[in-house]
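Here's the structure we're looking at; comments come further down.
Throughout, numbering of the chain's residues begins at 1 and tracks the sequence. Atom set for the values below is all heavy atoms of this structure, side chains included, hydrogens, waters and symmetry mates excluded.
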Amino acid sequence: MRCDEFVVGGKRCAVIFLIALLGAASIMMLCREVFIPMSEPEAPHGLVGQDQTYYHSLAVALAQEIQEKGWSAWTLWPDGQAPAGILGSLYVFFGPDSRVVILINAILHAVGTMALYGIVTRFVSWKAALFLCAPYWLSPYQMMTWYSQPNKDSYVCAGGMILIYGWMELARLFQDTTPSMSKLWFRVLLLVYAGATLVTLIRPYLTAVVVLHGVGMLCWLLIKSVRVYRADGARGSRNQAVKLVSVLLLLVAILPFSKSGFENESMERRLKHVKSLTATATWHRTAWIPEVIDNKIAAIMIAHRGSFHDYLNDRLPDGEVVSINAREALIDLDHRFQDVLDVVVYFPRAIQIGVFAPFPERWVLFQMPSGSALWSLSTWYPRPPVKGLRMFAAYISYGFLLWGVIRFHDRQDLAIALGFSLIFILFYALAIPHIGVLDRYRSPFFSLLVTLGFTCAVRSWTDRKVGVFRSVYT
């Protein structure tokens, strides 16, 4: 019977994935062929935004070089931009048509949606999970300005969802009394490494965050395994020994990510440029913290300060004009960071900004920008009522999430998902003092928090309806 349920569940997931894939591709194509030409008739190649045009031009140049010199000329990071390297390889086969990106983005979006679906089904039925994942899958203005365009966010959104789902799978398997080694390794290696690779290939600066989170997770599982190993009998000891060895091997296997050779040259140039702008700022070395960690934190805060220089000027480093709205989206303009202690003290404020910003008073203060009408609806500068409605729904979700934390306080998969989201949101809130940019970068982790909040509400309502308190591990 359990095997039959597994087969039925597998078929159901395949059907849902196919619907998500075809639906996403259809919406993206509709945006490219109908909405973008209507709102932006002068957009080159149907591309909206300077980054999208830049990725396309890099991909075209790379495809031409491959055709002239062969595949030895291919690189994944032309000018440090992995999306352009992937797109350039497709241009070799399909020609320099930017609509090819819809194929990549639709697959990534469907995979990310299925990972979120897998997370949500741990709490509610599959029918309720479909309803709860629908807002993330639809994301109408994101479909238009992100997913129908060459971008980095599609990879990171999918990678982030896959990564957290992989960690939750690992933690769940460690609760089984008789874990299967093949199942353990297949799920963990495929999910965790696929998610980590997608995230770190596209945004190399997240490598340290991914590794630190992974090491923390594995150390936590290691401690749990040791405790159970010492408490169980002979059979339990053998089972825990398998888990213990698995964790140790995974811990060793994840370390190469910390020495990743994925270099983003443009990011390095950007950091040097920011250092030149912030030369007057003073950073004091903290003696009791390893120098490598101190330097990493200093680099984050240098980038944080550099954003103020960018948005207080008339143009960004890439030439984009800075509007009044962009300047108004800066937050904590007068705050200074001089050492690691200043950063640690700022953690609560950073979490507040990362989770709750933009705050209610900002929902109606923005003015409509001049220039691109379509880009004004994007997550760079979302306008009321889109932003106000979205954040209002998020605040309601946070209330349900707080209730869920109290109600399901001993449920480890909820704790894993919350910890994962908050760690990445904290990182971005420290590095990015611009609400519009922060909203775009935090998107997968913000979406996970909001979805979990409504999931907790549905689960609580279901439990009350049937009149029982289900086991925390069902």
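- Remark: Arg411 is positioned above the aromatic ring of Phe123, its terminal NZ or CZ atom under 6.0 angstrom from the ring centre and at most 45 degrees off the axis.
- Residues Phe93 and Trp71 place their aromatic rings such that the two centres sit under 6.0 Å apart.
- Using cut-offs of 30° and 60° on the angle between ring planes, the pair Phe445 and Phe424 is parallel.
- Ile416 has its side chain within reach of Trp220: a pair of non-hydrogen atoms, C-beta onward, lies under 4.5 Å apart.
- Between Ile102 and Ala25, the shortest heavy-atom contact is CG2-O, 4.0 Å.
- Taken to the nearest 0.5 Å, the OH atom of Tyr165 stands 8.5 Å off from the CD1 atom of Ile119.
- Within the 4.5 Å cutoff, the side chain of Ile202 has no heavy atoms near those of the Leu198 side chain.
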Exercise for review: Any chance you could lay out the side chain to side chain contact (heavy atoms under 4.5 Å, CB included) test for Arg459 and Val120, step after step, and finish with the verdict?
Suggested key: CA-CA 10 Å; Arg459 176 61 185 267; Val120 174; over 6 Å; no

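- Between Ala59 and Tyr91 the shortest heavy-atom distance is CB-CE1, 3.5 Å.
- The distance from atom CG of Leu448 to atom OG of Ser443, rounded to the nearest 0.5 Å, is 11.0 Å.
- Using a distance-only test at 3.5 Å, with no hydrogens or angles considered, no donor-acceptor pair links the side chain of Trp77 to the main chain of Ala84.
- Taking the six-membered ring for Trp and the full ring otherwise, the centers of Tyr441 and His434 sit at least 6.0 Å from each other.
- Looking only at side-chain heavy atoms (C-beta outward), Val101 and Ile86 stay at 4.5 Å or farther from each other.
- Residues satisfying the ring-ring contact (aromatic ring centres under 6.0 Å, His included) criterion with Phe94, sequence neighbours excluded, are absent altogether.
- Looking only at side-chain heavy atoms (C-beta outward), Arg203 and Leu206 come within less than 4.5 Å of each other.
- Heavy atoms only, all atoms of each residue included: Phe454 and Ala393 are closest at CZ-O, 3.5 Å.
- Rounding to the nearest 0.5 angstrom, the gap separating the CZ atom in Arg12 from the NZ atom in Lys127 is 8.5 Å.
- Side-chain contact between Cys456 and Leu414 is present, with heavy atoms from C-beta onward closer than 4.5 Å.
- Remark: side-chain polar atoms of Arg122 are not paired, donor with acceptor, to backbone N or O of Asp413 under 3.5 angstrom.
- In terms of heavy atoms, Ala158 sits closest to Leu108 at CB-O, 3.3 Å.
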**Study point:** Full working for side chain to side chain donor-acceptor pair (under 3.5 Å) between Tyr136 and His109
**Key:** CA-CA 9 Å; Tyr136 174 82; His109 192 51; 4.7 Å; no

Check your understanding: Hey, mind stepping through Leu163 and Phe420 against side chain to side chain contact (heavy atoms under 4.5 Å, CB included) and telling me if it holds?
Key -> CA-CA 9 Å; Leu163 183 58; Phe420 177 85; 3.7 Å; yes

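- Side-chain contact check for Phe359 versus Gln352: some heavy-atom pair is nearer than 4.5 Å.
- Within the 3.5 Å criterion, the main-chain N or O of Gly214 finds no donor-acceptor partner in the side chain of Trp167.
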Practice item. Would you sort out whether Leu90 and Ile104 count as a side chain to side chain contact (heavy atoms under 4.5 Å, CB included), showing the intermediate values? Key: CA-CA 10 Å; Leu90 293 179; Ile104 304 172; 3.1 Å; yes

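- Proximity of a side-chain donor or acceptor of Gln52 to a complementary backbone N or O of Asn151 within less than 3.5 Å is not detected.
- For the pair Arg442 and Pro358, the tightest heavy-atom approach, listed with the atom from each and the gap, is NH2-CD, 4.1 Å.
- Classification of the Tyr205-Phe427 ring pair by plane angle, with boundaries at 30° and 60°, yields parallel.
- Between Phe356 and Tyr395 there is a side-chain heavy-atom pair separated by less than 4.5 Å.
- Under a 3.5 Å cut-off, the side chain of Ser421 and the backbone N or O of Leu418 do not form any donor-acceptor pair.
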Exercise for review: Test side chain to side chain contact (heavy atoms under 4.5 Å, CB included) on Val209 and Val199 and set out the steps.
Suggested key: CA-CA 10 Å; Val209 184; Val199 172; over 6 Å; no

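- Within the 4.5 Å cutoff, no side-chain heavy atoms of Ile331 are placed close to those of Leu438.
- Look at Arg440 and Asp153 and you find a salt bridge, because one of the NZ, NE, NH1 or NH2 atoms lies within 4.0 Å of a carboxylate O, short of that distance.
- Under the 4.0 Å criterion applied to side-chain N and carboxylate O atoms, Arg32 and Asp97 are not assigned as salt-bridge partners.
- Annotation: the span from Leu430 atom CG to Ile425 atom CD1 amounts to 12.0 Å, rounded to 0.5 Å.
- To the nearest 0.5 Å, the span separating CH2 on Trp126 from CD1 on Ile16 amounts to 6.0 Å.
- Taking CG from Leu132 and OG1 from Thr455, the interatomic distance works out to 4.5 Å, rounded to the nearest 0.5 Å.
- The shortest non-hydrogen separation linking Val355 to Phe446 is O-CE1, 4.0 Å.
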